[in-house]
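Whatever order the structure lists ligands and atoms in, that order sets their numbers, starting from 1.
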Amino acid sequence: MTERVAIVGAGLAGSLLACFLARRGLTVTLYERRADPRVAEVERGRSINLAISERGLDALRRIGLVDQVMAGALPMKGRMIHPVEGPLDFQPYSAGRDRAINSISRGALNNALLDAAAEAPGVEILFDHRLVEFDSQAGSLIFATPAGKVEARVDVVLGADGAGSAVREQLLADGAVVEEVDFLDYGYKELSIPAVAGEFGLDPGALHIWPRGNSMMIALPNPDRSFTCTVFWPTGSFDALSTPAVIEEHFRANYPDLLPLAPNLIDDYLHNPVGLLGTVHAQPWQAHGRTALLGDAAHAIVPFYGQGANCAFEDVVELDRCLDDTAGAWARALPLFEHRRRENTEAIAEMALANFVEMRDKVASPVFRLGKRIEHGLERLLPGRYVSRYELVSFSTTPYAEVKQRVHRQHQVLAAAVLVGAALTGAVARAARRHR
Ligand SMILES: Cc1cc2nc3c(=O)[nH]c(=O)nc-3n(C[C@H](O)[C@H](O)[C@H](O)COP(=O)(O)OP(=O)(O)OC[C@H]3O[C@@H](n4cnc5c(N)ncnc54)[C@H](O)[C@@H]3O)c2cc1C
Ligand SMILES: NC(=O)C1=CN([C@@H]2O[C@H](COP(=O)(O)OP(=O)(O)OC[C@H]3O[C@@H](n4cnc5c(N)ncnc54)[C@H](OP(=O)(O)O)[C@@H]3O)[C@@H](O)[C@H]2O)C=CC1
Ligand SMILES: Nc1ccccc1C(=O)C[C@H](N)C(=O)O
């Protein structure tokens, strides 16, 4: 008998997973609480575009979607730093200056994945189905739908229902999972920079950053030549700006070059929601050999490396690999998946937090800029032997935990080389003085 698989959540991970499982000949039902986004109106103010890099592209390549998705992508080759005063500063992401992360519309990416899932044999997608109850032992799910509650009984349940996962919540209530959610004392709000006379208001080849020490704003380009800006501010500071005059004054003082580019600033600010940011640590990710969490439901991270979706896509690739390696036996594949992925997701969670400090503060410093130039110089001098963290995270599929270890080793070797160099220089100088 073919196993019946339910995926809860038709977001990025869930719809990609449906495509992968369909290739295995499985019967999959994808349940999504929202209406079909391909026909329904999308609400305003939630992360509109995403930086997709090698890990995400690798997953899309495997299901033949990469060309379609990349056709709408805008490559960003580096960071463009906007100081309060003075000229902009472009900082390339890679030593060769040619590699780029890609600004992609979240909606278009999700829709492309939903189309691919809908066309895949054996996949059914049910929208307007919100998971409200789940008995993980019995494999029974209850969904609230516009027509009332419906029940489904399946063999395998995969929770791809995002950071506030209902599947995780139910496993938590049953004592099958423990969790710790570290909320950041920061929130985010999206603002927009429309196209100016049909052209981009800023350079579309960069990810723009306004580093302000304790907070920051970023902007990513969209195919319609607009930019989506996101401010990341301490939670309490959003409400402090409550009138149009105060909002305008704050942006004039801190982000002066935004004002002429953002005619809808006040309206965006007053009407777009403040989103929460946090890291989810859940353990274990699987229960009873037939239920597992993946993507944000298992390990949501803060967005500052632009890796959450990339990491969720990598989960899907790894889960598929685990099914290969266990001849499709879910009871063995799910623990194996957790075993292989956990240390990697913990590593990117840590690196994502560290990248916030880099983006909001360090990028503005001349010492940081010099360090980056030296690092890129080393990468050119020692190709393949010295590779920066950014390169390994964004432009390779090296497991995140290995990235951390490798960068640590490189820094140790470098520190030792600097010490030896300094000692040798000192010895040579002393010998020269003795010979004088
Ligand atoms: C501001 C911001 C910027 C980001 N930028 C980037 C970036 O540049 N690059 C990047 O890689 N990542 C980025 N991320 C992270 C990325 O958005 C997430 O990691 C990614 O969306 C996770 O995918 P997912 O499928 O696990 O969850 P989601 O995309 O959240 O999908 C979950 C789905 O489950 C559905 N669902 C939820 N509850 C239920 C329920 N009870 N029943 C049925 N369905 C349900 C939801 O409606 C949704 O469709 C960013 C995140 C934020 C907050
Ligand atoms: N909850 C958690 O454990 C964690 C959350 N976060 C982050 O916090 C933020 C908020 O999370 P959380 O509150 O759990 O969940 P959601 O972001 O899913 O929900 C927040 C609110 O937004 C609404 N909403 C969400 N998606 C849509 C949509 N597509 N269309 C219309 N309305 C929508 C929800 O409505 P409705 O009630 O109808 O669903 C709800 O009122 C997210 O950005 C998440 O990344 C980070 C780490 C942990
Ligand atoms: N997409 C994002 C969303 C929010 C915050 C950062 C990003 C980034 O992509 C940052 C980029 N990786 C950087 O290091 O410059």
Side-chain angles (χ1 to χ4, degrees), residues 6-17 30-35 37 45-53 55-56 76 78-81 91 93 100-104 106 109-110 113-114 126-134 141-145 158-170 184 186-190 206-209 211 216-220 228-232 275-278 280 293-316 345 348 351-352 354-356 358-360 362-363 389-390 393-394:
I7 301 175
V8 183
L12 299 178
S15 45
L16 178 73
L17 181 61
L30 190 50
Y31 296 95
E32 168 57 44
R33 67 177 169 181
R34 304 279 162 217
R46 299 176 73 84
S47 150
I48 282 174
N49 48 27
L50 295 167
I52 295 296
S53 47
R55 292 164 205 271
M76 303 177 289
R79 297 167 172 163
M80 187 70 84
I81 309 301
Q91 302 178 2
Y93 283 130
I101 58 175
N102 304 287
S103 180
I104 286 177
R106 176 192 289 272
L109 176 60
N110 210 152
L113 288 166
L114 284 171
L126 297 177
F127 293 99
D128 291 311
H129 277 61
R130 173 191 293 265
L131 181 74
V132 287
E133 281 175 52
F134 170 41
L141 306 131
I142 297 187
F143 295 93
T145 77
L158 301 168
D161 49 347
S165 166
V167 176
R168 191 178 80 235
E169 194 184 334
Q170 199 65 66
L184 218 58
Y186 282 81
Y188 72 92
K189 189 188 275 283
E190 294 199 332
L207 186 153
H208 294 259
I209 309 178
M216 69 173 183
M217 178 169 77
I218 65 168
L220 275 70
T228 302
C229 298
T230 313
V231 292
F232 294 95
L276 304 173
L277 300 165
V280 170
L293 303 168
L294 78 157
D296 274 14
H299 48 68
I301 59 176
V302 295
F304 304 111
Y305 225 119
Q307 283 294 313
N310 286 285
C311 176
F313 280 5
E314 221 176 28
D315 276 0
V316 172
T345 61
I348 190 59
M351 291 190 278
N355 212 46
F356 186 25
E358 178 165 320
M359 290 181 77
R360 71 174 199 235
K362 293 187 187 168
V363 292
R389 178 188 285 122
Y390 201 86
V393 167
S394 302

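Here the CD-CD1 distance, from E190 to I48, works out to 5.0 Å after rounding to the nearest 0.5 Å. To the nearest 0.5 angstrom, L30 atom CG is 8.5 Å from L17 atom CG. Atom CD of E314 sits about 12.5 Å away from atom CG of L294, to the nearest 0.5 Å. Here the straight-line distance linking atom CG of L12 with atom CG of L50 works out to 6.0 Å at 0.5 Å rounding.
No option in L158, L141, L293 other than L141 meets the side chain to side chain contact (heavy atoms under 4.5 Å, CB included) test with V8.
Among the atoms of E32, some N or O lies under 3.5 angstrom from an N or O of ligand 1. Some N or O of A309 is nearer than 3.5 Å to an N or O of ligand 1, by distance alone. Note: no N/O pair closer than 3.5 Å links L294 and ligand 1 by distance alone. Annotation: L277 places no N or O atom under 3.5 Å from an N or O atom of ligand 1; distance criterion only. For G306, a nitrogen or oxygen atom sits less than 3.5 Å from a nitrogen or oxygen atom of ligand 1, counting backbone and side chain alike.
Ligand 1 places these atoms under 4.0 Å from at least one heavy atom of G308: 10 (C), 11 (O), 12 (N), 15 (C), 19 (O). Close approach of ligand 1 to R130 (heavy-atom distance below 4.0 Å) involves ligand atoms 41 (N), 42 (N). For ligand 1, the atoms sitting less than 4.0 Å from at least one non-hydrogen atom of R34 are 47 (O), numbered in the order shown with element in parentheses. If you number the atoms of ligand 1 from 1 as listed, the ones under 4.0 Å from a heavy atom of G295 come out as 26 (O). Interface atoms of ligand 3 facing I218, defined by a heavy-atom separation under 4.0 Å, are 3 (C), 4 (C), 5 (C). In the vicinity of G306, heavy-atom distances shorter than 4.0 Å reach the ligand 3 atoms 1 (N), 2 (C), 7 (C), 8 (C), 9 (O). Set against the non-hydrogen atoms of G11, the atoms of ligand 1 under 4.0 Å away are 25 (O), 31 (O), 33 (C), 49 (O). Using a 4.0 Å cut-off to heavy atoms of N310, the atoms of ligand 1 that qualify are 11 (O). Atoms of ligand 1 found under 4.0 Å from any heavy atom of A160, numbered from 1 in the order shown, are 32 (C), 33 (C), 34 (O). Of all atoms in ligand 3, numbered sequentially from 1 with element shown, those under 4.0 Å from a heavy atom of A51 are 1 (N), 9 (O). Using a 4.0 Å cut-off to heavy atoms of Y188, the atoms of ligand 1 that qualify are 1 (C), 53 (C).
Neither the backbone nor the side chain of A300 has any atom closer than 4.0 Å to an atom of ligand 1 (non-hydrogen atoms only). Both the backbone and the side chain of R33 come within contact range of ligand 1, each with a heavy atom under 4.0 Å. At a heavy-atom distance under 4.0 Å, no atom of L220 approaches ligand 1. Proximity of F143 to ligand 1, defined as any heavy-atom pair under 4.0 Å, is not found for any part of the residue. Contacts with ligand 1 closer than 4.0 Å are made by heavy atoms of both the backbone and the side chain of A51. Contacts of M359 with ligand 3, taken as heavy-atom pairs under 4.0 Å, involve the side chain alone. When heavy-atom distances to ligand 1 are checked against a 4.0 Å cut-off, R106 comes that close only through its side chain, counted from C-beta outward. Proximity of A166 to ligand 1, defined as any heavy-atom pair under 4.0 Å, is confined to the side chain (atoms from C-beta onward).
In this structure, F356 falls outside the shell of residues with a heavy atom less than 4.0 angstrom from ligand 3. Ligand 1 is never approached by G275 to a heavy-atom distance shorter than 4.0 Å. At least one heavy atom of V8 lies less than 4.0 angstrom from ligand 1.
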ask   = Would L109 and R106 count as a side-chain contact (heavy atoms from CB on, under 4.5 Å) if you check the C-alpha gap in whole Å, the side-chain angles of each, and the deciding distance to 0.1 Å?
value = CA-CA 5 Å; L109 176 60; R106 176 192 289 272; 5.8 Å; no
task = Please step through side-chain contact (heavy atoms from CB on, under 4.5 Å) for the pair Q91 and M80, ending with a clear verdict.
result = CA-CA 6 Å; Q91 302 178 2; M80 187 70 84; over 6 Å; no
request  = Show the numbers, then the answer: is there a ring-ring contact (aromatic ring centres under 6.0 Å, His included) between F232 and Y186?
outcome  = CA-CA 6 Å; F232 294 95; Y186 282 81; 8.5 Å; no
request  = Apply side-chain contact (heavy atoms from CB on, under 4.5 Å) to the pair T345 and D315, showing each step before the final yes or no.
outcome  = CA-CA 9 Å; T345 61; D315 276 0; 4.3 Å; yes
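A side-chain donor-acceptor contact under 3.5 Å links R55 to the backbone of V393. Between the side chain of R34 and the backbone N or O of G11 there is no donor-acceptor pair closer than 3.5 Å.
Among all heavy-atom pairs drawn from F304 and A352, the shortest one is CB-O, 3.4 Å. Considering all non-hydrogen atoms of both residues, S103 and L220 come closest at OG-CB, 3.7 Å. Contact detail for R168 and G162: the closest heavy-atom pair is NH1-O, 4.2 Å. The two residues I101 and S394 have their closest heavy-atom pair at CG2-CB, 4.1 Å. Of all heavy-atom pairs spanning A10 and N110, the tightest one is O-ND2, 3.2 Å.
Nearest non-hydrogen protein atom to atom 12 (N) of ligand 3 is Y390 OH, 2.6 Å. Atom 14 (O) of ligand 3 has as its closest protein heavy atom R79 NH2, 2.7 Å. Scanning all protein heavy atoms for the shortest distance to atom 2 (C) of ligand 3 gives P303 O, 3.8 Å. The protein non-hydrogen atom at the shortest distance from atom 8 (C) of ligand 3 is L207 CD1, 3.7 Å.
At a threshold of 4.0 Å, the pair E358-R389 does not count as salt-bridged, since none of the basic side-chain nitrogens sits closer than that to a carboxylate oxygen.
Looking at heavy atoms from C-beta onward, R79 lies in side-chain contact with Y93 at the 4.5 angstrom threshold.
Among G278, G162, G56, A298, the residue whose heavy atom lies nearest to atom 27 (O) of ligand 1 is G162.
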